[in-house]
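Here's the structure we're looking at; comments come further down.
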Amino acid sequence: MVCSQVGQLRGSSNEVSNAELKLFLEVELCLDLRRLSSPGKTKEEILLFFKLYDPLEEKIRYVGRLFVKQSGKLLEILSKLKELAGFSPDEEIDLFELEDGDIICFQKSLRNQCREQYRFPEVPLFLKYVYNCKFKVRIGHDETEQKAEACLYTMIKVARDEDLAEQIGKEIYFDLVDHDKVRTFCIEKQKPFTQLKEEVAKAFGIPVQFQRYWIWAKRQNHTYRPDRALTAQEETQLVGELREVSNKWNNDELKLFLEVELCLDLRPLHPPGKATREEILLFLKLYDPLKETIRYVGHLFVKGSGKPLEIKTKLKELAGFSPDEEIELFEEIKFEPSLVCEKIDSMLSFCEGQLEDGDIICFQKSLQNQCTEQYRFPEVPSFLEYMHNCQPKEHEMLVPSSNFPTKKPQPVKVAPADTLSMVDAQVVDDAASPRFTWTIDNFSRLNVKKYSDVFDIGGYKWRILIFPKGNNVDYLSMYLDVADAATLPTGWSRHAKFSLAVVDQIHGKFTLRKAVESSRRT
């Protein structure tokens, strides 16, 4: 083989592609660093690779390779394996065969230990866990249809107060947390829920008896809020059974909020979590109009019959304000598609103000006796509206505000059954402004984004873009698009004032209309 040409070597490989050859580089050195005179193996020898598994850290690592005699026994190489792993000579080890004997994975023997402290005490269990955590995609006879086969594990995302404090005011301003950035636990569906508690205790250092879990639910206003606490009965169920209590469309993922309840003497409250059914779990944010920042300050249980006036002392304490500081409270209701943040009437009870579990109260120092002109955004609603408008949008909706034609628009066409009409009027309050009507047939059957025909207004080319099933939302998304943006020179800009409307199919009247004024530069 040493004198063979490269092209002749391809016959030695069982690779499908003869143009590619995969090699393993073996380096054999004597103690004086000179190459051995006869490198490689003899006909009687087998080349084996070795991996070491640590059941405590749940990790596998490569430790080396050995030439062994075919007639030899594994017992003869145990000392060498202990040396490779850094074990003491008297350590007992167990060996497991992988991949038809080419790879051997070994670990410390657990015969004389309590195996219950490990999730995966031995190599086969750990490898099965790793394998099942991966989704297998099965393609049927129809090549366009792919189905994800549910794995044997449930992904549980656990958000804590620490996650909310880390993200609010830095990465997010609306809602409470980005669940893609919290700790995820992979728990076997057939395991009891107590398995998660043990994993959380190990990861966060929170004893099991102090843990209380709330289910995140998606509301009609498209926000995610902790909806209710798990019952004592639910916490005794299997992990796979708990997925039914979540209204998340992905049943292989469960979102939970971890509430930690401690008494002053560090004994768990009994029962943990809400003391009575009358209590409401509220989340608290603090706004600073001078620094223009919002931060999370914690959560609080309040009585439904209580009034916001009764918790102001506690809020001042959380914020570090003096007891005589006046504060104002606002409720963050929703942020998509438009922001709604309203001032809370301190004289109404929480139930009368329709506050419920998971709601957000954002408070600040009162500016009643101050000059508000020194602040760009003196109160919570104005700041959140500013941040909402600053959020980048994937598609800008733009129509030029200059050179508008003055001709009368054509009458609005009423769409027949199973069609949808959208109208674009550039000047919202001017009936004489140009108007483009797009009628879409068989709208209910559309599943992918769709563009209208290109139309010309003010000397510019435009088109309407829709996502029938929503663009990262679960309702219709509609945009105005610069049709020739790809051909425009660098530095082009547009300023537009327009409205988009969805036409009632039966009466020919607007059922939804939204005005927009926006600018875009590249």
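The chain is numbered in sequence order, starting from 1.
Considering NE2 of His179 and CE of Met155, their distance stands at 14.0 Å, rounded to 0.5 Å. One finds the CZ atom of Arg463 at 10.5 Å from the CG atom of Leu480 (value rounded to the nearest 0.5 Å). To the nearest 0.5 Å, atoms CG (Leu254) and NZ (Lys189) are separated by 11.0 Å. Within the model, atoms CD1 of Ile464 and OH of Tyr451 stand 12.5 Å from one another, a figure rounded to the nearest 0.5 Å. Taking CG from Leu258 and CG from Leu196, the interatomic distance works out to 9.0 Å, rounded to the nearest 0.5 Å. The NZ atom of Lys307 sits 7.5 Å away from atom OG of Ser349, with the distance rounded to the nearest 0.5 Å.
At a threshold of 4.5 Å between non-hydrogen side-chain atoms, the residues Leu230 and Trp214 do not count as touching. Contact of the Leu329 side chain with the Lys312 side chain is registered, since non-hydrogen atoms from C-beta on lie closer than 4.5 Å. Using a 4.5 Å heavy-atom threshold, the side chains of Thr184 and Ile156 count as separate. Ile361 is not listed as a side-chain neighbour of Leu300, based on a closest heavy-atom distance of 4.5 Å or more. Using a 4.5 Å heavy-atom threshold, the side chains of Glu259 and His299 count as touching. Under the 4.5 Å side-chain criterion, counting only non-hydrogen atoms from C-beta, Phe377 is not in contact with Glu385. In this structure the side chain of Trp438 never reaches within 4.5 angstrom of the side chain of Phe455, judged on heavy atoms. Between Phe193 and Glu234 the shortest side-chain heavy-atom distance does not fall below 4.5 Å.
Applying the side chain to side chain contact (heavy atoms under 4.5 Å, CB included) criterion to Thr293, with sequence neighbours excluded, gives Asp288, Lys291. Under the salt bridge (charged side-chain N to carboxylate O under 4.0 Å, His left out) criterion, Glu328 pairs with Lys343, not counting sequence neighbours. For Thr372, the side chain to side chain contact (heavy atoms under 4.5 Å, CB included) partners are Leu367, Pro378, not counting sequence neighbours. Gln195 pairs by the side chain to side chain contact (heavy atoms under 4.5 Å, CB included) definition with Arg119, Ile187, Lys191, Glu198, Glu199, not counting sequence neighbours. Taking the salt bridge (charged side-chain N to carboxylate O under 4.0 Å, His left out) definition, one finds that Glu235 meets it with Lys197, sequence neighbours left out. Take Glu356 and apply the salt bridge (charged side-chain N to carboxylate O under 4.0 Å, His left out) test, not counting sequence neighbours, and it matches Arg219. With sequence neighbours excluded, the residues that form a side chain to side chain contact (heavy atoms under 4.5 Å, CB included) with Glu342 are Ile333, Val340. Considering only residues two or more places apart in sequence or on other chains, Asp324 meets the side-chain hydrogen bond (donor to acceptor under 3.5 Å, both in side chains) condition with Ser322. For Glu317, the salt bridge (charged side-chain N to carboxylate O under 4.0 Å, His left out) criterion is met by Lys314, not counting sequence neighbours. A search for side-chain hydrogen bond (donor to acceptor under 3.5 Å, both in side chains) contacts involving Glu379 returns nothing, not counting sequence neighbours. Listed by chain and residue number, nothing satisfies the side-chain hydrogen bond (donor to acceptor under 3.5 Å, both in side chains) test with Tyr287 (two or more places apart in sequence, or in another chain).
When every heavy atom of Val297 is checked against every heavy atom of Lys285, the shortest pair comes out as CG2-N, 4.4 Å. Summarising the geometry of Pro226 relative to Leu281, their closest heavy-atom pair is CB-CD2, 4.5 Å, with the distance given to 0.1 Å. Residues Asp175 and Glu332 share a closest heavy-atom pair of N-OE2, 2.8 Å. Minimum interatomic distance between Val182 and Val158 (heavy atoms only, all atoms of both residues): CB-O, 3.7 Å. Here the shortest heavy-atom pairing between Asp453 and Phe436 reads O-CZ, 4.1 Å. Residues Ser346 and Pro308 come closest through the heavy atom pair O-CD, 3.7 Å.
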If you apply the rule side-chain contact (heavy atoms from CB on, under 4.5 Å), what do you find for Asp161 with Val260, and how did you get there?
CA-CA 9 Å; Asp161 269 331; Val260 182; over 6 Å; no
Could you give me the CA-CA distance, side-chain angles and deciding distance for Ile294 and Met387, then say whether side-chain contact (heavy atoms from CB on, under 4.5 Å) is met?
CA-CA 11 Å; Ile294 278 185; Met387 295 306 303; over 6 Å; no
side-chain contact (heavy atoms from CB on, under 4.5 Å) between Phe350 and Lys303, worked out:
CA-CA 8 Å; Phe350 292 104; Lys303 290 185 178 180; over 6 Å; no
Where do Leu176 and Arg225 land on the side-chain contact (heavy atoms from CB on, under 4.5 Å) test, with the steps shown first?
CA-CA 7 Å; Leu176 290 171; Arg225 306 287 173 84; 4.1 Å; yes
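Residue Lys461 qualifies as open at atom NZ: its count of foreign heavy atoms under 6.0 Å is 12 or below. Counting non-hydrogen atoms of neighbouring residues, nucleotides and ligands closer than 6.0 angstrom, the CD atom of Glu325 exceeds 12 such neighbours. The environment of CD in Gln233 is sparse: at most 12 heavy-atom neighbours from other residues, nucleotides or ligands sit within 6.0 Å.
Without hydrogens or angle criteria, Lys316 side chain to Pro323 main chain gives a donor-acceptor distance under 3.5 Å.
Side chain to side chain, Tyr386 and Glu292 fail the donor-acceptor criterion of an N or O pair below 3.5 Å.
The stretch residues 177-186 participates, sequence neighbours left out, in these salt bridge (charged side-chain N to carboxylate O under 4.0 Å, His left out) pairs: Lys157-Asp180, Glu171-Lys181.
Remark: aromatic rings of Phe257 and Phe283 are close, center separation under 6.0 Å.
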